[in-house]
Protein chains: 2
Amino acid sequence: MEKKSDPENTFIEKFGLYFESYTLYPRIAGRIFGYLLICNPPHKSAKQIAVQLRIAKSSVSSMMRLLMQSRLVEQVSIPGERPRYYRIREGGWGEMFLRRLQGLSAVRELLSEGLELLKGKDPMLRERIEELDGLYEFFENEIPSISRRWEIRKKKVIE
Amino acid sequence: MEKKSDPENTFIEKFGLYFESYTLYPRIAGRIFGYLLICNPPHKSAKQIAVQLRIAKSSVSSMMRLLMQSRLVEQVSIPGERPRYYRIREGGWGEMFLRRLQGLSAVRELLSEGLELLKGKDPMLRERIEELDGLYEFFENEIPSISRRWEIRKKKVIE
DNA sequence: CTGAAAGTTCAGTAAGTACTGAACTTACAC
DNA sequence: GTGTAAGTTCAGTACTTACTGAACTTTCAG
């Protein structure tokens with residue numbers, strides 16, 4: 001009988017909670033990702049994951065789809081072995097991170113609708129929204145140089 | 001009888017949904033914030049908000065507490081008038097935005113627990129986590145210069 | 001081919017949270 | 001001071017989403 005609160009499980013549970021609040025994916029997806037971060041070997045089958053985390057294989061199935069779609073996880077096939085294995089996809093998290101940063105300024109479209117509503121009224125009334133919009137405009141402009149520096153830094157690490 | 005889908009309400013509802021998914025506050029808090037972004041005059045009492053948005057005054061009360069705590073909204077008092085009024089607090093959103101960026105790298109602590117678990121094992125196994133940690137380390141280092149540029153840009157707008 | 005394991009789908013339930021309404025406390029205009 | 005409106009609290013309900021289990025389809029080792 002396996003303990004439920006060994007360091008591995010503690011890490012997995014914490015990561016699940018983190019994942020839930022930062023990525024808006026279900027906790028269970030985060031547990032799986034957390035497990036794939038620390039398991040040995042680094043690839044596991046759906047069955048192994050279900051058994052290890054004590055979750056339904058249907059949950060594993062749908063979470064795997066989710067993690068594959070978001071390109072955080074990839075499949076590995078092993079010759080002569082029937083099940084497919086899953087492992088963390090290199091660079092996947094970084095790509096998602098950047099995608100999220102880029103997505104942040106999507107709110108500007110909504111804000112312009114707000115400005116539209118105040119058209120013709122006292123310009124002072126528009127300042128509330130313009131301040132907010134200015135922030136996202138600024139941030140939008142920051143992204144390209146951030147990603148450029150990130151690419152450079154990645155290369156340096158490889159060398 | 002007031003229409004439910006005039007442009008104001010559409011904006012408020014959209015903003016509520018946006019708020020919910022990006023700030024992790026309840027949708028109703030976003031509706032209130034959205035209303036305070038477009039209302040005229042820009043300050044409203046709890047009662048006015050409750051009536052306008054057709055929500056319980058208890059909800060307004062607790063959401064106001066939330067919005068005040070996060071410093072997105074501030075109170076205004078008007079002499080000879082009993083109710084307190086609320087309005088968008090200048091700079092509040094930007095401060096929250098920065099706080100969130102700064103908070104992002106909190107995950108590094110968790111990641112170091114993960115590395116701990118792989119101590120003594122094949123160094124290759126650690127790469128999954130180190131890559132992730134490297135991303136947050138990079139981003140952490142970016143924040144100061146981003147906030148510096150944001151401060152500069154804010155000053156320029158005032159001039 | 002074929003049986004058995006791998007993998008998917010989906011209806012139903014559990015769990016968590018947002019929101020309300022009613023009962024209450026507080027504050028101030030008179 | 002006092003009555004009334006402002007404002008708070010909280011138990012309960014409604015709503016949403018996560019997760020499961022069972023029934024199903026697919027895949028492949030033998």
Side-chain angles (χ1 to χ4, degrees), chain A residues 4 9 12-36 43-70 73-87, chain B residues 4 9 12-36 43-70 73-87:
Chain A
K4 286 192 82 175
N9 279 318
I12 289 167
E13 291 306 319
K14 281 190 193 171
F15 202 89
L17 288 169
Y18 169 79
F19 204 88
E20 183 176 44
S21 50
Y22 279 86
T23 69
L24 306 179
Y25 286 166
R27 184 153 52 109
I28 216 176
R31 287 204 275 240
I32 293 172
F33 194 89
Y35 178 47
L36 290 177
H43 53 88
K44 295 285 176 188
S45 72
K47 179 124 189 242
Q48 291 173 321
I49 293 168
V51 168
Q52 173 72 30
L53 302 181
R54 293 182 190 80
I55 56 181
K57 66 171 180 160
S58 56
S59 296
V60 178
S61 172
S62 50
M63 290 309 113
M64 269 8 221
R65 183 154 25 95
L66 194 62
L67 292 169
M68 296 278 294
Q69 268 169 13
S70 49
V73 156
E74 63 188 358
Q75 292 183 341
V76 217
S77 229
I78 298 185
E81 294 205 37
R82 178 130 174 235
R84 53 199 78 217
Y85 291 85
Y86 298 93
R87 72 171 170 219
Chain B
K4 284 193 82 177
N9 279 318
I12 289 168
E13 291 306 317
K14 281 190 192 170
F15 203 88
L17 289 169
Y18 168 80
F19 205 88
E20 183 176 44
S21 50
Y22 279 86
T23 69
L24 306 179
Y25 287 168
R27 184 153 52 109
I28 215 177
R31 286 204 276 241
I32 293 172
F33 193 89
Y35 177 46
L36 290 177
H43 53 87
K44 294 286 176 189
S45 72
K47 178 122 189 242
Q48 290 173 324
I49 294 168
V51 168
Q52 173 71 30
L53 303 181
R54 294 181 190 78
I55 57 181
K57 66 173 181 159
S58 55
S59 297
V60 178
S61 173
S62 49
M63 290 307 113
M64 268 8 222
R65 182 154 24 96
L66 192 64
L67 291 169
M68 296 278 295
Q69 267 169 14
S70 49
V73 156
E74 65 188 357
Q75 293 182 339
V76 216
S77 230
I78 297 185
E81 291 206 37
R82 179 133 173 232
R84 54 198 79 216
Y85 291 85
Y86 298 93
R87 70 170 172 220

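Every chain is numbered from 1 and lettered A, B, ... according to where its sequence line falls, protein lines coming before strand lines.
Atom-to-atom, CG of A:L67 to P of C:dT8 comes out at 13 Å; the value is rounded to the nearest Å. One atom, CG of A:L17, and another, C1' of D:dA18, lie 14 Å apart when rounded to the nearest Å. Residue A:I32 contributes atom CD1, which lies 11 Å from atom C1' of D:dC19 at whole-angstrom precision. In this structure, the CD atom of A:E13 is 14 Å from the C1' atom of D:dA18, given to the nearest Å. When rounded to the nearest whole Å, the span between CZ of B:R65 and C1' of D:dT9 equals 8 Å. If you take CE of B:M64 and P of D:dG7, they are 10 Å apart, rounded to a whole angstrom. One atom, CE of B:M68, and another, C1' of D:dG7, lie 13 Å apart when rounded to the nearest Å. To the nearest angstrom, P of C:dG7 lies 10 Å from CD1 of A:I49.
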- Item | Stepwise side-chain contact (heavy atoms from CB on, under 4.5 Å) check, A:E13 with A:L53 | CA-CA 10 Å; A:E13 291 306 319; A:L53 302 181; 5.9 Å; no
Checklist line | Step-by-step side-chain contact (heavy atoms from CB on, under 4.5 Å) determination, B:R27 to B:L17 | finding: CA-CA 6 Å; B:R27 184 153 52 109; B:L17 289 169; 3.5 Å; yes
(request) Please step through side-chain contact (heavy atoms from CB on, under 4.5 Å) for the pair A:I55 and A:I32, ending with a clear verdict. (result) CA-CA 10 Å; A:I55 56 181; A:I32 293 172; 4.3 Å; yes
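Taking the six-membered ring for Trp and thresholds of 30 and 60 degrees, A:Y18 and A:F15 have ring planes inclined between 30 and 60 degrees apart.
Closest non-hydrogen pair, A:M63 versus A:A29, comes out as SD-CB, 3.7 Å.
When each of A:M64, A:H43, A:K44, A:E74 is tested with A:Y86 by the rule side-chain contact (heavy atoms from CB on, under 4.5 Å), just one qualifies, namely A:M64.
DNA chain D is contacted by both B:Y85 and A:G80; B:Y85 maps to the nucleotide lying nearer its 5′ end (nearest heavy atom per residue).
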For nucleotides 14-27 of chain C, 5' to 3', base contacts (B), sugar-phosphate-only contacts (S) and non-contacts (-) with protein non-hydrogen atoms under 4.0 Å give -----SBBB----B
